[in-house]
Amino acid sequence: MTKKAKARSKKRDCVIPGHPVPARELSQYSVDNDPPSENDIANYVHGQARDETVQHVERIKQEVVLGDKYEIWDVITNKDRWWVITNMTNLYSQRHFPSLDYTLSFHIGLMMRLRSRPDTADSEEPSPFDEVFRRQEQAKHRNDIAVEAEDYQAVGMQLRECLISLIGALRRRVRVPPEMERPQDANVIAWSELLINQLCGGSSDKELRHHLKNTAKETWQLVNWLTHDRNVNNTASTIAIHSCDTVVGDFVHLLMQDRTGNVYECPVCKSRNVRTHFDISIEPDGDYFMTCGVCDWSSHPNAGKPVERRP
């Protein structure tokens, strides 16, 4: 080969940089950025590893196992590198879990064991119902260690406060027409009826409203009975906990649908891959917003602006 040919061949050679691309710059070279979801994952890692700063978040892949979808994320911080796997979200240091396939298998097994236990508040994402979920957990813990009737009465008291906290969280986020008379703050039955009318209006939902109101009313009466009856036992306490879980779940779902405008498909591309997020920074005290998993549509009030991650 002549010298000129060798020179031309050398120019065509692929040159590999001798140093890695800084983690903070990696996102510039990603073709599938998903800022809202990346921000959710970054906030989760900040919450779990409080002394670390997230520098890069990248979705590696997603897998469906027995009907459940798992997203696998690669997260680089200033101190470590993590796998973050969803459903339910958990993180694993890549120093201890170098194999992604092994980590995913481990995660699925761990989540199956957790799901086999009684329901717990498993989300680390911010929520307007954090106080409600905390009181639920406290009631379940008291029920686990209860022995005497007064121990079960204490469970009833905790459930009572849980429902009052639930109504308080809803009152702050559901618009009630000014001409409507507002019940006393602790009047759970009256507030439940008013809020259900606002969140589940329309003639087609008459039966649903009837069911929701009865469930809320009877659960409130049950936990008050549990609080005052001197002969209560584990059976009564456990059933009251399950009833309270149902009421909380019903209202959380109603509020999410109301705050996201009952969006079931993307208004831009018509995809049904619409996700729900909660952003604590939306004034006045946090709110839900929607994003599309196919296109860039978002209902966030700051949509179109760069998504800021917590430092």
Side-chain angles (χ1 to χ4, degrees), residues 36 40 119 121-123 125-137 139 159-224 240-267 272 274-292 297-301 303:
D40 287 345
D119 293 338
D122 50 59
S123 176
E125 298 180 357
S127 164
F129 300 100
D130 285 340
E131 180 185 355
V132 179
F133 298 151
R134 176 177 60 80
R135 292 188 182 277
Q136 280 182 293
E137 289 304 305
L159 292 175
R160 185 178 183 278
E161 293 302 315
C162 173
L163 293 175
I164 292 175
S165 297
L166 173 66
I167 295 300
L170 291 163
R171 279 202 318 268
R172 294 191 295 272
R173 290 169 174 82
V174 177
R175 182 183 177 277
V176 177
E179 64 273 13
M180 282 191 173
E181 183 179 355
R182 299 171 70 91
Q184 294 180 335
D185 290 353
N187 191 339
V188 171
I189 294 177
W191 267 111
S192 295
E193 184 168 343
L194 188 154
L195 291 167
I196 290 169
N197 286 338
Q198 296 300 120
L199 294 170
C200 190
S203 57
S204 61
D205 287 329
K206 179 181 177 181
E207 292 300 321
L208 180 57
R209 283 196 303 276
H210 179 73
H211 166 75
L212 293 170
K213 291 176 182 178
N214 280 346
T215 302
K217 177 181 178 180
E218 292 174 3
T219 299
W220 176 250
Q221 292 172 338
L222 177 62
V223 299
N224 277 281
I241 288 173
H242 292 167
S243 297
C244 190
D245 286 348
T246 298
V247 173
V248 171
D250 288 344
F251 273 115
V252 169
H253 184 77
L254 287 173
L255 181 66
M256 287 180 63
Q257 293 303 313
D258 178 73
R259 301 297 278 196
T260 56
N262 293 306
V263 176
Y264 295 103
E265 67 176 29
C266 174
R272 294 188 177 183
V274 176
R275 296 85 53 87
T276 302
H277 311 268
F278 182 81
D279 185 355
I280 194 65
S281 67
I282 299 177
E283 296 183 352
D285 53 0
D287 206 348
Y288 290 100
F289 69 99
M290 310 288 286
T291 64
C292 178
W297 173 79
S298 171
S299 67
H300 195 286

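Computed from a predicted model, the values in this text were never measured in an experiment.
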Give a yes or no on whether the backbone of Glu131 and the side-chain of Arg135 come within a donor-acceptor separation of less than 3.5 Å. no

Any heavy-atom pair between the side chains of Pro177 and Gln198 that's under 4.5 Å? yes

Please lay out, stage by stage, how Val132 and Phe251 fare under the test side-chain contact (heavy atoms from CB on, under 4.5 Å). CA-CA 11 Å; Val132 179; Phe251 273 115; over 6 Å; no

Taking only residues two or more places apart in sequence or in another chain, which ones pass salt bridge (Lys or Arg N to Asp or Glu O under 4.0 Å) with Arg171? Asp185

Return the set of residues passing side chain to side chain donor-acceptor pair (under 3.5 Å) with Ser243 (not counting sequence neighbours), or none when no residue passes. none

Counting C-beta onward and ignoring hydrogens, is there a side-chain heavy-atom pair between Phe133 and Val248 closer than 4.5 Å? yes

What residues, two or more places apart in sequence or in another chain, satisfy side chain to side chain contact (heavy atoms under 4.5 Å, CB included) together with Ala139? Val155, Gln158, Leu159

Using distance only, find each side-chain donor-acceptor pair of residues 200-209 under 3.5 Å and give its atom names and separation, not counting sequence neighbours.
unit_1 : atom_1 : unit_2 : atom_2 : d
Arg209 : NH1    : Cys200 : O      : 3.0
Arg209 : NH1    : Gly202 : O      : 2.5
Arg209 : NH2    : Gly202 : O      : 3.4

Should Trp220 and Val247 count as side-chain neighbours, where that means a heavy-atom distance under 4.5 Å? no

If you measure from CZ on Arg272 to SG on Cys266, what distance do you get to the nearest 0.5 Å? 13.0 Å

Pair up each side-chain donor or acceptor in residues 212-219 with any protein partner under 3.5 Å, not counting sequence neighbours, and list the distances.
unit_1 : atom_1 : unit_2 : atom_2 : d
Lys213 : NZ     : Asn197 : OD1    : 2.7
Asn214 : ND2    : His210 : NE2    : 3.1
Thr215 : OG1    : His211 : O      : 2.8
Thr219 : OG1    : Thr215 : O      : 2.7

Pairing residues for Ser298 by the side chain to side chain contact (heavy atoms under 4.5 Å, CB included) criterion, not counting sequence neighbours: Phe289, Thr291, His300, Ala303

How long is the span from the CG atom in Leu163 to the CG atom in Asn224, to the nearest 0.5 Å? 9.0 Å

Taking atom CG of Asp245 and atom CD of Gln136, what is their separation to the nearest 0.5 Å? 5.0 Å

With sequence neighbours left out, what residues match Arg160 under salt bridge (Lys or Arg N to Asp or Glu O under 4.0 Å)? none

Do Arg182 and Trp191 touch side chain to side chain, with heavy atoms closer than 4.5 Å? yes

Ser192: what forms a side chain to side chain donor-acceptor pair (under 3.5 Å) with it, not counting sequence neighbours? none

Does the side chain of Asn187 come within less than 4.5 Å of Ile189's, by heavy atoms? yes

